[in-house]
Structures are given as structure tokens and as C-alpha cells.
Peer 1: 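After the C-alpha cells below, expect a handful of questions from me.
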There are 2 protein chains.
Amino acid sequence: MSREPFLPMLRELARCYQAFEAYSSAHIRSLGLTPSQFDIVATLGNTPGMSFKELGEKTLITKGTLTGVVDRLEAQKLVRRSASPEDGRSMIVRLAPAGERLYERVFTAHLVHMRQALGGLDAAQLAQIESTLRGLRETFAAIGGRKAVAK
Amino acid sequence: MSREPFLPMLRELARCYQAFEAYSSAHIRSLGLTPSQFDIVATLGNTPGMSFKELGEKTLITKGTLTGVVDRLEAQKLVRRSASPEDGRSMIVRLAPAGERLYERVFTAHLVHMRQALGGLDAAQLAQIESTLRGLRETFAAIGGRKAVAK
DNA sequence: CTAACATTGTTCGCATTAGGACTAATTTGC
DNA sequence: GCAAATTAGTCCTAATGCGAACAATGTTAG
């Protein structure tokens with residue numbers, strides 16, 4: 001029946017991602033942010049701001065979700081919205097001063113936390129893992145793209 | 001500043017998982033199920049049922065979430081709850097007849113869908129990916145376990 | 001130029017999602 | 001045996017998360 005040779009691999013992908021997520025997000029939450037909020041603050045750090053579209057692409061957060069997350073960050077005075085001077089449809093999001101301070105504090109702390117788990121991996125190991133993941137991602141992207149084009 | 005060599009790898013892990021999730025879940029939703037609901041139906045298929053605890057471990061869904069997901073599946077007559085004869089705290093969840101039929105239909109269709117993306121990978125490639133993922137997962141599990149013990 | 005088309009962000013409905021408080025039941029330590 | 005610590009599920013709150021519908025703006029084909 002289920003002699004699908006790729007099922008164990010998919011299972012391992014889900015478990016691996018979940019292990020990363022659990023390790024990372026527990027720390028993020030202990031710093032008073034949700035994983036999504038951290039993603040946004042970390043992405044906006046050291047930038048002049050960017051549109052919702054770009055922010056969504058970088059953080060993998062859907063636009064519908066992004067509106068709500070930015071709403072809550074804005075209510076905490078951590079980010080600011082401003083109209084784009086170039087495109088009347090577009091909004092620019094950037095860190096407010098309190099967001100800059102939070103970024104400095106939290107991003108550094110999180111790097112230390114992640115280094116505790118991953119510091120033992122050398123450049124060659126990291127490159128090998130990254131290469132394997134990219135290959136697998138492209139396998140999905142390829143079929144997804146093919147179907148999108150074929151519609 | 002951010003000369004953390006593992007950041008690109010983590011970025012790729014997130015993108016890879018997201019690509020898989022997007023590809024898989026779009027199909028699942030087209031079949032009328034959410035990803036979580038599919039996970040549960042697929043896990044329960046061809047089994048005599050299992051406890052919430054076991055079901056949660058297999059699907060990586062936390063207990064608080066599981067209650068709600070099972071509630072909705074039960075409302076659709078796809079699964080049934082019954083008290084465990086062995087442990088008075090425990091509930092057994094198993095597929096109802098409609099759930100069995102759904103399982104047959106949907107599980108097979110989803111395998112076909114996944115095979116379209118992954119059918120081109122041979123056993124050696126799959127083993128290599130799986131091995132890489134397991135190594136990375138154990139890196140996170142190791143530190144997580146160590147800290148849990150140290151508390 | 002202008003009507004069709006596409007894109008940007010918001011809103012809505014519905015379903016997770018994690019985590020913590022809570023109840024009931026079981027296991028453990030002494 | 002029995003009080004204390006654990007464990008299994010449920011309920012609650014706050015925050016995602018996705019797809020679809022929407023209004024406002026921009027782009028393009030004729």
C-alpha cells in the first residue's frame with residue numbers, strides 16, 4: 001500500500017522544521033514577541049523600511065496576516081506605516097525608535113541562543129545542509145511553477 | 001554584525017518547509033480538508049484508533065489544538081471519541097465509517113499529488129536528504145534536551 | 001484616451017496554533 | 001495505603017494563517 005519511498009523523508013522534514021521552530025520560538029516568546037513579530041522586527045532592522053509586499057516576501061507571511069501583525073506592532077509603537085511616495089497603493093513599514101531599540105536587544109540575544117544549538121556545525125556542514133534544502137525546495141517550486149504556468 | 005554562518009541555512013530550511021507546505025496544503029484544501037484535519041485522518045487510517053496523546057505525537061499537533069480539530073471532525077461524523085477502557089483519563093479517537101471512506105479517497109489522491117513532485121528522486125537521494133534532516137533535527141533536540149535536564 | 005486588466009493593502013470568515021489554567025484520574029514516594 | 005506529584009484532556013485567550021472578496025490605484029491594449 002503505502003510503499004511510497006518519499007514518505008519517511010517528508011516526515012523527517014516536518015519533524016526537523018518543528019524541532020527548529022520549537023527551539024527558536026520558545027526563546028522568542030520568552031523575549032515577549034511572537035515568532036511573526038520577531039520576523040518582522042528582524043527583517044526591518046537596519047533598513048529604511050519596505051512595502052508590505054516586500055516584507056511579506058521576506059518573512060513568508062501572507063498579506064492578509066501581515067496587516068494584522070503590523071497593526072499590533074504599530075499599536076505598541078514598534079513600527080510605523082507611511083504612504084509610499086512612488087505608488088499610491090503601497091505602504092512603507094519601518095521600525096519606530098522603540099522598535100530599533102528592541103531590534104538591537106532581541107536580535108543579538110536570539111543569535112546567541114541559536115549559536116548554542118548550531119555553533120558546532122562548521123562551514124562545510126552548513127553548506128551541505130543548505131545545498132540539500134535548496135535542492136528539495138526547488139523540486140517543489142519547479143512543479144508548482146509548472147502547474148501555475150500550465151493553468 | 002550578522003556574520004552568523006548558519007543564518008542562510010536556517011533561511012533555506014524555512015523556505016524549503018514553506019514550499020512543501022504550500023504545495024501540499026493547496027491540494028489538501030482542494031479536497032475539502034485543512035492540513036491538520038488531513039493529518040489526523042491519514043494518521044488514523046488503517047488503525048484501531050489511538051489516544052489523544054499518541055495522535056498528538058504522531059501529527060505534531062499540541063493537545064490544546066487537537067481538542068478543537070477533533071471536535072470539528074467529530075461534528076462532521078468523520079471520527080469518534082470513546083473512553084479508554086484502560087485509563088480513565090484517556091480518550092480513544094478512531095475513524096467513523098464516513099472517515100474511513102474519506103481516508104481511502106483522499107489519502108490515495110494525495111500520494112499521487114506528492115509523487116508528481118517527488119517521483120523523480122531515487123532512493124539514494126531520498127536517503128541523503130532524510131539523513132541530513134535527521135542530523136539537523138538531532139542538533140536541535142540535543143540542546144533542547146540538555147536544557148530541559150538542566151532546569 | 002479609455003476600458004479591461006493587474007496589483008496593493010484591508011477586511012472577513014473560518015480554522016488552527018501555542019501556552020497556561022483547570023479538572024479528573026493515575027502513579028509515585030514514603 | 002495515602003498524600004504529593006504526574007498525566008490526559010478540556011477550556012480559555014491572544015495571535016497567527018489562509019483564501020476570497022473588496023476598494024483604490026496603476027498599467028496596458030486598442
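As the structure is a prediction and not an experimental result, all values here were calculated from the model. The chains referred to below are lettered A, B, ... by the order of the sequence lines, with proteins before strands, and numbering in each begins at 1.
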Peer 1: Nearest-Å distance, CG (Leu66(A)) to C1' (dT7(C))?
Peer 2: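 Atom CG in Leu66(A) sits about 16 Å away from atom C1' in dT7(C).
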
Peer 1: Classify the angle between the aromatic ring planes of Phe140(B) and Tyr23(A) as parallel (below 30°), tilted (30 to 60°) or perpendicular (above 60°).
Peer 2: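 The arrangement is tilted - the two ring planes meet at 30° to 60°.
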
Peer 1: Is the shortest side-chain N/O distance from Ser90(B) to OP1 or OP2 of dG9(D) below 4.0 Å?
Peer 2: yes

Peer 1: Could you state the atom-to-atom distance from CZ of Phe52(A) to P of dA23(D) in whole Å?
Peer 2: 20 Å

Peer 1: Between Met91(B) (CE) and dA25(C) (P), how many Å, whole number?
Peer 2: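 In whole Å, dA25(C) P lies 12 Å from Met91(B) CE.
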
Peer 1: Using atom CE of Met50(A) as one end and atom C1' of dT8(C) as the other, report the distance to the nearest whole Å.
Peer 2: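 Taking CE of Met50(A) and C1' of dT8(C), I get 16 Å after rounding.
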
Peer 1: Expressed as a whole number of angstroms, how long is the span from Ile40(B):CD1 to dG9(D):P?
Peer 2: 13 Å

Peer 1: To the nearest angstrom, how far is Asp71(A) atom CG from dG9(C) atom C1'?
Peer 2: 11 Å

Peer 1: Nearest whole Å is fine: how far is dA8(D) P from Glu86(B) CD?
Peer 2: 13 Å

Peer 1: Considering only side-chain heavy atoms of Asp87(A), which listed nucleotide, dT10(D), dG26(D), dT10(C), is closest?
Peer 2: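 Per side-chain heavy atoms of Asp87(A), the pick is dG26(D).
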
Peer 1: What's the CD-P distance between Glu54(B) and dT7(D), to the nearest Å?
Peer 2: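 Nearest whole value for this atom pair: 17 Å.
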
Peer 1: Let me see the working for Arg81(A) and Arg94(A) under side chain to side chain contact (heavy atoms under 4.5 Å, CB included), right down to the final yes or no.
Peer 2: CA-CA 7 Å; Arg81(A) 274 177 171 92; Arg94(A) 67 184 173 112; over 6 Å; no

Peer 1: For Arg134(A), is the CZ atom crowded, meaning more than 12 foreign heavy atoms sit under 6.0 Å from it?
Peer 2: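 Buried by this count: over 12 neighbours within 6.0 Å.
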
Peer 1: Residues from residues 92-103 of chain B sitting under 4.0 Å of DNA chain C, heavy atoms only?
Peer 2: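 Output list: empty, so none.
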
Peer 1: Is the shortest side-chain N/O distance from Arg81(A) to OP1 or OP2 of dT10(C) below 4.0 Å?
Peer 2: yes

Peer 1: Tell me the side-chain hydrogen bond (donor to acceptor under 3.5 Å, both in side chains) pairs involving residues 96-106 of chain B, sequence neighbours left out?
Peer 2: Asn46(B)-Tyr103(B)

Peer 1: What is the minimum heavy-atom distance between Glu130(B) and Glu12(A), and which atoms define it?
Peer 2: O-CG, 3.7 Å

Peer 1: Spell out protein contact along nucleotides 14-24 of chain C as letters: B when the base is contacted, S when just the sugar-phosphate is, - when no protein heavy atom is under 4.0 Å; keep the 5' to 3' order.
Peer 2: -SBBBB-----

Peer 1: Which class fits the ring pair His110(B) and Phe38(B): parallel under 30°, tilted 30 to 60°, perpendicular over 60°?
Peer 2: perpendicular

